[in-house]
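Reminder, nothing fancy here: chain letters follow the sequence lines and each chain counts from 1. Given the structure is predicted, the values throughout are model-derived calculations rather than measurements.
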Number of protein chains: 2
Amino acid sequence: MTQPNICPKFEKAISILSQRWTGLVIYQLLNGTQRFNEIQSAIGISGKVLSDRLKDLEQKGLVKRDVIPDTPVVIEYSLTDKGRSMEPILKTIEQWALDWMQVDETQQ
Amino acid sequence: MTQPNICPKFEKAISILSQRWTGLVIYQLLNGTQRFNEIQSAIGISGKVLSDRLKDLEQKGLVKRDVIPDTPVVIEYSLTDKGRSMEPILKTIEQWALDWMQVDETQQ
DNA sequence: ATAGTAAGTTACATAAAGTAAGTTAAATAC
DNA sequence: GTATTTAACTTACTTTATGTAACTTACTAT
């Protein structure tokens with residue numbers, strides 16, 4: 001047996017979540033529509049990687065990018081239905097974190 | 001605002017899950033105790049990275065490594081209680097995958 | 001003796017992420 | 001009206017993570 005035997009849908013889902021920052025970006029957008037710099041300062045991601053992630057998430061249909069023709073132009077990011085459907089996943093992780101994670105310096 | 005304002009426990013939890021392969025390794029071990037090569041061939045991970053991940057998960061208290069003094073020696077990996085406590089997370093992801101993921105070549 | 005298996009490790013190559021400076025366009029600030 | 005600031009990125013470069021393939025060690029089977 002050299003071929004993986006994992007459900008391809010599950011594999012795809014977990015490959016999304018296991019990309020660094022993706023979970024945090026979606027978690028952050030669960031709070032509602034936000035602008036680039038808001039997301040960036042909220043989660044402490046670099047502009048370059050946030051830009052990558054947002055493009056990727058948009059392309060995957062999880063995030064919507066809206067250009068508001070204000071002056072100057074404003075760009076708003078929000079979750080699509082598909083994006084919002086990940087809420088139970090993030091909430092389950094949140095609960096697990098509260099139950100099992102301890103924050104101290106001596107343990108990584 | 002330049003500092004992140006995310007709950008540190010949540011951040012820690014999601015940093016575990018957003019490390020490539022970690023979710024799949026735990027998911028795989030939900031099926032019960034397994035040996036190195038079993039995990040490797042089941043999920044299609046390289047020996048090097050699996051070795052890294054198992055050490056890491058052991059150090060985080062999620063995975064237990066048992067040396068069975070058979071001849072030749074057998075090494076078994078299994079989840080600790082803490083590791084098994086991630087089951088709801090993985091199951092939620094699994095359900096989401098069934099509901100929302102489509103597997104085809106035209107979409108990434 | 002020779003080959004095979006389990007559980008890794010090592011050396012090297014490629015890809016992803018981080019850092020910091022630069023870009024564009026419009027909006028104040030002086 | 002020139003100079004600075006802000007938003008939303010992009011570019012160039014460095015560091016870290018991951019992948020690939022060959023090697024190791026200890027035992028077993030042929």
- Could you go step by step and tell me if A/Asp56 and A/Lys60 meet the salt bridge (charged side-chain N to carboxylate O under 4.0 Å, His left out) rule? CA-CA 6 Å; A/Asp56 202 61; A/Lys60 286 188 168 74; 2.7 Å; yes
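- Salt bridge absent: A/Arg84 and A/Glu87 never bring a charged side-chain N and a carboxylate O closer than 4.0 Å.
- Across every non-hydrogen atom of A/Ser78 and A/Thr33, the tightest pair is CB-OG1, 3.4 Å.
- Straight-line distance from the CD1 atom of B/Ile75 to the C1' atom of C/dT9: 13 Å, rounded to whole Å.
- Electrostatic pairing of A/Lys55 and A/Glu58 does not count as a salt bridge here, judged by no charged N lying under 4.0 Å from a carboxylate O.
- Atom CG of A/Leu50 is separated from atom P of D/dT11 by 16 Å (rounded to the nearest Å).
- Put simply, CD on B/Glu38 is 13 Å from C1' on C/dA7, counting in whole angstrom units.
- Comparing atom distances between the B/Ser51 side chain and each of D/dC9, C/dG8, D/dT10 picks out C/dG8 as nearest.
- Residue B/Tyr77 places at least one side-chain N or O closer than 4.0 Å to OP1 or OP2 of C/dG8.
- In this entry the distance linking CZ of A/Phe36 with P of D/dC9 reads 6 Å, nearest Å.
- One atom, CD1 of B/Ile68, and another, C1' of C/dA6, lie 14 Å apart when rounded to the nearest Å.
- Counting only distance, with no hydrogens or angles, the side chain of B/Lys9 and the backbone of A/Val103 share no donor-acceptor pair below 3.5 Å.
- Donor-acceptor pairing under 3.5 Å is lacking for the side chains of A/Trp21 and B/Ser18.
- A straight line from CD1 of A/Ile39 to P of D/dC9 spans 10 Å, rounded to a whole angstrom.
- Ring planes of A/Phe36 and A/Tyr77: tilted class, angle from 30 to 60°.
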- Expected string for nucleotides 15-21 of chain D under the B/S/- scheme (protein heavy atoms, under 4.0 Å, primed atoms plus P, OP1, OP2 as sugar-phosphate) is --SBBB-
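- Rounded to whole Å, the distance from CD on B/Glu58 to P on C/dA7 is 14 Å.
- In this structure, B/Thr92 contributes its side chain and B/Pro88 its backbone to a donor-acceptor pair below 3.5 Å.
- In this structure, B/Asn31 CG and B/Ile39 CD1 are separated by 10.5 Å, a value rounded to the nearest 0.5 Å.
- Look at B/Arg35 and you'll find a side-chain N or O under 4.0 angstrom from OP1 or OP2 of C/dA7.
- The CG atom of B/Leu54 sits 11 Å away from the C1' atom of C/dG8 (whole-angstrom rounding).
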Measure all distances between protein nitrogen or oxygen atoms and nitrogen or oxygen atoms of nucleotides 24-26 of chain C, and list the pairs falling under 3.5 Å.
unit_1	atom_1	unit_2	atom_2	d
C/dA26	O3'	A/Thr71	OG1	3.3

